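Remember, predicted model here, so these are calculated numbers, not experimental data.
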Amino acid sequence: MSEPILTEQLKGTFLASGEVEFTPESGNLFATVKFNNSGGTCLVAGNGKVTGSSEGKGQVCTAALETTRENQLFECLATGSHFKLGGEAATFSGDFLARVLRESKAQKWAAIEGV
């Protein structure tokens, strides 16, 4: 892959202190990734659809959420992945930037959306 992975619109659900599970806002599609065929030897060249598990699980990530910043950086480990690519289990690890929304400054983090 040579291009960044852009996700579909995601929502976040708080699981525990600092843990959030990201799932698609609707449907089961997380992203479509493009695999380049460099030298004509790639068996999976083309576009692949990354979906969540049949149980509706997505990607579990952690963040401190200690500041009042709207944009938060989440750390996502492969062990928190519940994806499929081409019908096979797939994992993601890396950082994920998300906007965390609150109705008021006194309220705890209310909702999360991908940015």
Reported OG1-to-CG distance for the pair T62 and L15, which is rounded to 0.5 angstrom: 11.5 Å
Atom pair CG/CG of L73 and D95 - distance to nearest 0.5 Å: 4.5 Å
T23 to F30 - nearest heavy-atom pair and separation: CA-CZ, 3.8 Å
Non-hydrogen side-chain atoms of F83 and T51 separated by less than 4.5 Å: no
Derivation and outcome, side-chain hydrogen bond (donor to acceptor under 3.5 Å, both in side chains), residues Q59 and S81: CA-CA 5 Å; Q59 175 70 47; S81 293; 2.7 Å; yes
Rounded distance (nearest 0.5 Å) linking atom CD of E8 with atom CG of L29: 4.5 Å
Side-chain (N28) to main-chain (G52) donor-acceptor, under 3.5 angstrom: yes
E21 side-chain N/O to T13 backbone N/O, donor-acceptor pair under 3.5 Å: no
Minimal non-hydrogen separation, G12 against F22, with atom names: CA-CD2, 4.1 Å
